[in-house]
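Here is the structure we will look at.
Everything numeric here is computed off the predicted structure, so don't read it as measured data. Ligands are counted one by one from 1 in listed order, and the atoms in each one are counted from 1 as well.
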Amino acid sequence: MAVPSDPNRVIIFDTTLRDGEQSPGCSMNLHEKLEMARALADLGVDVIEAGFPIASPGDFESVQAIARQISGPTIAGLARCNPADIDRAADAVKDAQKPRIHVFLATSAIHREFKLRMTPDEVAKRAVEGVKRARDRCADIEFSPEDAARTELDFLAEVVERVIEAGATTLNIPDTVGYAVPEHYASIIRHLKQKVRGIENCVLSVHCHNDLGLAVANSLAALREGARQVECTINGIGERAGNTSLEEVVMALHTRRDFYGLSTGINTRHLYPCSRKLSLVTGQQVQRNKAIVGQNAFAHEAGIHQDGMLKERSTYEIMRPEDVGISRTELVLGKHSGRAALKDRIGHLGYHLTDEQLNRVFDEFKKLADKKKEIYDADIEALAENQLHAGTGSLWSLVGFTSTAGTGSQTSAAVTLRHLDGTVRRDAAVGNGPIDALIKAIDRITGAKVKVVDYRVRSVSQDMDAQGEATIEVEHNGRRSRARAVSVDVVEASALAYLEVVNRVVSRQLRDRLKPTDNVPPEVVPGA
Ligand code: KIV
Ligand code: ZN
């Protein structure tokens, strides 16, 4: 990506699918990554870091699929500074409209000495070789001196200058461990701008972690000093305490244009739908008081505030909820709403459904409207998500179940499942509560031997007749899989979620049995 012609335009580099996805509980499958990448493209991000292609065959496949299917943003693949990583990243992104290889190598004394066991000269030489190799395969090269914020300033400047000579087009300055504070981080950017020859022809980028809760503040401080790319993630997900939150940094620039005088290409009305989508896909809810996208972000509780708001909104509101895609009138559809209204609402919520999927959502919507008087955005999101994740040709599907529970009596469940080959099987089990009994009955039929590591149920919207969403995470052979399902009956939602996750595990077992070998990378994925 060339240096933008507008000096005040900030490039938004989204790493939700790479740094974000690396964090516990946030892993996504190929289908989910593609869905998120589509949402990010709609949001208007400039760069999507789609993954770390050498990390696993699955990572390679998703970076390649995103490179082939998502148009608009630049698609970047991450690589350590070695030939195998760089070649793998180059192969994964090569079909993108705008490909980028992002090469990184640690530069701080602590990383050089204990992790890399390399001298400063060796590090600088390796960085140059890596960038040259990447540049032979791709015109758009980003280089990151990992742990830059703890690197000696003169050495950092030397490495940056040498990789620019070698062909890097974007220079990213990571605060890998979230150690920096705003004035300190800004001074690093200032130093590089003053000392490094050729830096004016490159984009200077920032990548901050949130260990001290300062990632957004550090990123903004660096932008004031002339950095023009911010690396960030939706909902701030990422290693440990996370990365710079995309929605926060974008809305800070937008709300305080008077102060920063900078702009982005983000369509801010997609921020909330995008945040919701990530929560739905990963099962990780944002905290209620999270800035911009939390449930309380625009709620005014205190009487004095409510009074002020009624008189003049700007007394207590610095942003309008509709500007970030939160609708003030949440109650949108009812029993008599038609297909066109539903389609419109689904589009507004950021979903791309085929006509066939839309028809199925419409049927489900009508059934739901019979059971539930008021249908909220969250209900519609749940129906759309159910369609997007509906197992096409799932191995086992739920025909029906009954469960009995009560104080002092033993809980039991009887389940009927249909196999893909058409056979129907029924079994029953007793357990500690209805969910345990259901799971045991499903295990007896499918032969699944998985360990449930997380199980959560929450209400999708308000009211006593709200739909319940069940999220189940299981572990099998050291790998975790997660699934979610929604129903007005939480026991049914739990059964559906469990069955979905069992289907994934069993299908994976079948695939693995058919595959001759798995291309496991030689080194572990670093905690980048
Ligand atoms: O935090 C970090 O240093 C990283 C790099 C790979 C950019 O994520
Ligand atoms: Zn990082």
Contact (N/O only, under 3.5 Å) between Glu231 and ligand 1:
no
Would you mind reporting whether Ile164 and Leu171 have side-chain heavy atoms less than 4.5 Å apart?
yes
Of all residues at least two apart in sequence or in a different chain, which pass the side-chain contact (heavy atoms from CB on, under 4.5 Å) check with Asp87?
Arg133, Arg137
With a 4.5 Å limit on heavy-atom distance, are the side chains of Arg9 and Leu262 in contact?
no
Write the atom name of the N, O or S atom in Asp19 that is nearest the Zn ion (ligand 2).
OD2
Any N or O of Glu146 that comes nearer than 3.5 Å to an N or O of ligand 1?
no
Per-residue contact class, Arg18 against ligand 1 - non-hydrogen pairs under 4.0 Å
side chain
Quick one: are Ser205 and Glu231 in side-chain contact, heavy atoms under 4.5 Å?
yes
Would you mind reporting whether Phe52 and Val63 have side-chain heavy atoms less than 4.5 Å apart?
no
Sequence neighbours excluded, the answer for salt bridge (Lys or Arg N to Asp or Glu O under 4.0 Å) partners of Glu165 is none
Just jot down the ligand 1 atoms closer than 4.0 angstrom to any heavy atom of His209, in number order.
1 (O)
At a threshold of 2.8 Å, where the distance has to be below it, does the Zn ion (ligand 2) have an N, O or S atom of Glu231 nearby?
no
Is Asn172 close to ligand 1, meaning an N/O of one under 3.5 Å from an N/O of the other?
no
With heavy-atom distances below 4.0 Å as the criterion, list the atoms of ligand 1 near Thr176.
1 (O), 2 (C), 3 (O)
List every atom of ligand 1 that sits less than 4.0 Å from any heavy atom of Ser144, numbering the atoms from 1 in the order shown and giving each element.
7 (C)
So what does the His209 NE2 - the Zn ion (ligand 2) - His207 NE2 angle come to, to 10°?
100°
Do Arg150 side-chain atoms and Tyr179 backbone N/O form a donor-acceptor pair below 3.5 Å?
no
Residue portion contacting ligand 1 (non-hydrogen atoms closer than 4.0 Å) for Glu239
neither
Taking Lys290 as the fixed residue, which of Glu248, Gln295, Gln285 is the one that meets the side-chain hydrogen bond (donor to acceptor under 3.5 Å, both in side chains) rule?
Glu248
